[in-house]
Amino acid sequence: MTLIREALRDALQDALDRGLEAGELTAAGGAPLPPVSIERPTRVEHGDYASNLAMRLAPVMRRAPMQIAEALRRNLVPPPAVSGVTVAAPGFVNLRLDDAWVAEQIGPILAAGERYGRGSDLDGHHVNVEFVSANPTGPLTLGNARGAFAGDLLSRVLEGAGAAVTREYYFNDQGPQVRNLGRSVLAIVAGEPVPDDGYHGAYVADLAADLPEEVLQASRADDADPAWAVGVWASERIRAAIEGSLARLRVRFDAWTTEGSLHRDGWVSGALERLREAGHLYQAEGATWFRSTAFGDDKDRVVIRSNGQPTYFAADIGYLAHKFNRGFTELIYLWGADHHGTVARNRAAAEALGHEPASIHWLLIAWVRFVRDGREISMSKRSGEFVTLDELLSEIGPDAARWFFGSRATSTGIDFDIELAKRQSSENPVYYVQYAHARCASILRNAGTVRPDARQAGELLRQPAEQALARELLRLPEVVSDSAQRRETHDIPRYGLEVSALFSQFYRDCRVLTDDAPLTAARLALVDATRLVLANALGLLGITAPSSM
RNA sequence: GCGCCGGUAGCUCAGUGGAUAGAGCGUCGGCCUCCGGAGCCGAAGGUCGCAGGUUCGAAUCCUGUCCGGCGCGCCA
């Protein structure tokens, strides 16, 4: 199924071309023409789609928008799906879909099945989406929740638009954090207090209790670095626990990459060598610097410290090379908003390495302020006061949590009151959508041997509620396409609510199971298509679509 | 000081230069003899932080300003 919206756009473009060719429309001085845009009117009486093309053309053509709109309408050859083309002040061209055509789309929707809503905008794209990437020095906290959901939802939507997606988790296994973790565990083993700058959560004591004797021995045998072996063991244990927590969120990763591997496998040194050969590195004050200011950064950045050790940023550069070498056509990073200051240097490095800037996106996930009873909760792992993701899930469940985070744009800071979320979890709008799905399933069950049949839908489904619902079902592919393009997924919950509301109205106004066999079969087809659209929309959010609840 | 992100209904948030700015939750008032009442119908509720500007048209773009968050390391 091609998107009707695109067909209408093409038809309007043709109308414009035809008007120009006939001399009915002329651009003053050959000025460039604006692109044809199609939008959805806010009011139903304005039709199903509208274009502001005439108003955009008015300054270029130096004519009244209404005259241009009339000329467009005269030259428009509307597709069969369109039943009405009207012009409205101050110059809109409004398009109305044909009722029979709308209802006739139920058949193709059902035929597409699980594929309905999926698009081809990103066919052939291989996207790497890196998210969470929390260091394994403690359990995932509420602070990690938003990024985890946002990355997974974005991945699902990109896949819905045709892309192949690799979900990637990057973590640091090199730095002092691992050693610090080891020291904290060792302190508890020795019955001593954990150092002030160590890790204080209850999980550290659990690790100490589980520490195998051989790890402890190996650690004691290493006089130079006694905390290292314990730290490595502990961080691996935590990493496995993180994977388990993510699985409970229904977030799975395809690749886990460590900073250490980037160094060991030569990606960091190789990328730096490429920058050096291209003349982007220089020595100063004993260190090696990358001239990132040549690519728009505020200041140049050190890549090799004066002590010979590469910086964290150097690993970022190696990682860029590593990812592109793996054949990805696009990289997406989901970073906490507190990392926005590092975007410019990474973009500079990508450009210096010769990569197309448009092939990389950094999405900054805005802060979540977690509140309990009006008091903000600290999310610092070292304080030990944080709430873990597992605790959140045990209170409100993955469906409600996914809905909450999936309903908000990633750039918007949000307040999350845990007590409020628990109280509201039973009234979470996600259940409204799931309920509508379950009701559809129930009706289909009650139909017994009567099967959905969309073949006469065009003639039989002409009630306002039937038409409104069927029209909304047609929008799913547009919602998926727009979400993928914007790299924001919060339109999907909104769409799910709208479909559910229209279904409830249909359910109120139109009895499905009646003695009228053809009408029953046609309405069952509409119910089945609604169930399918809700299931597919919920699937894009990673939320279950129950047949009963 | 400079930079980034926010400020829209009581609360939490949508709103891609277009037509009378929306949703969920909350509040108030109605609706259960019928396919699932986790529902339906209605109502109240807005100086879109503020001030200028661009535009036929601004919540949206530009400038300034106020408030909140974050960032400005040879840390990660």
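Order of the sequence lines fixes the chain letters, A, B, ..., with proteins taken first and strands second; residue numbering starts at 1 for each chain. This structure is a prediction, so every number in the text was calculated from the model and none was measured.
- Ring pair Y169(A)/F131(A): centre-to-centre distance not below 6.0 Å.
- When Watson-Crick and G-U wobble pairs are counted only if both distances are under 3.5 Å, A38(B) pairs with no nucleotide at all.
- In this structure, the CZ atom of R369(A) is 14 Å from the P atom of C11(B), given to the nearest Å.
- L364(A) places its CG atom 13 Å from the C1' atom of G3(B), with the value rounded to the nearest Å.
- Contacts between residues 336-343 of chain A and RNA chain B, defined by a heavy-atom separation below 4.0 Å, involve A337(A), D338(A), H339(A), H340(A), G341(A), T342(A), listed by number.
- Residues D399(A) and Q434(A) bring a donor and an acceptor atom of their side chains to less than 3.5 Å of each other.
- Q485(A) CD: 12 or fewer foreign heavy atoms inside a 6.0 Å radius.
- Not a single donor-acceptor pair, N or O on each side, falls under 3.5 Å between the base of C5(B) and the side chain of S411(A).
- The CG-P distance, from N307(A) to G73(B), rounds to 18 Å in whole Å.
- Between Y333(A) and H339(A), the gap from one ring centroid to the other reaches at least 6.0 Å.
- Of the residues near RNA chain B, P59(A) and R301(A), the one whose nearest nucleotide (by heavy atom distance) lies more toward the 5' end is P59(A).
- Dashed line: the shortest gap from a side-chain N or O of Y432(A) to OP1 or OP2 of A23(B) is not under 4.0 Å.
- The distance between atom CE of M61(A) and atom C1' of C56(B), rounded to the nearest whole Å, is 16 Å.
- Residue I304(A) is out of contact with every strand shown, counting any heavy-atom pair closer than 4.0 Å.
- Between the side chain of N94(A) and the base of A19(B) there is at least one donor-acceptor pair of N/O atoms closer than 3.5 Å.
- Look at C32(B): its glycosidic torsion is within 90° of 0, and that puts it in the syn range.
- Going from atom CG of L497(A) over to atom P of C25(B) covers 8 Å, rounded to whole Å.
- The CZ-P distance, from R345(A) to G71(B), rounds to 13 Å in whole Å.
- Using modelled atom types, one finds no donor on one side chain facing an acceptor on the other under 3.5 Å when comparing Y495(A) with E478(A).
- Look at C50(B): its Watson-Crick or wobble partner, with both distances under 3.5 angstrom, is G64(B).
- Pair assignment for C4(B): G69(B), on the basis of Watson-Crick or G-U wobble contacts that are both within less than 3.5 Å.
- Residue R305(A) has a polar side-chain atom (N or O) positioned under 4.0 Å from OP1 or OP2 of A76(B).
- Donor-acceptor pairing under 3.5 Å is lacking for the side chains of S483(A) and E488(A).
- OP1 or OP2 of G15(B) has at least one side-chain nitrogen or oxygen of R486(A) nearer than 4.0 Å.
- If you measure from atom CZ of R439(A) to atom C1' of C34(B), you get 13 Å, rounded to the nearest angstrom.
- One can place CD1 of I414(A) at 21 Å from P of A23(B), the figure rounded to the nearest angstrom.
- Two residues, P65(A) and A366(A), neighbour RNA chain B, and the one matched to the more 5' nucleotide by heavy-atom proximity is A366(A).
- Checked against a 6.0 Å centroid threshold, the rings of F149(A) and F404(A) do not count as neighbours.
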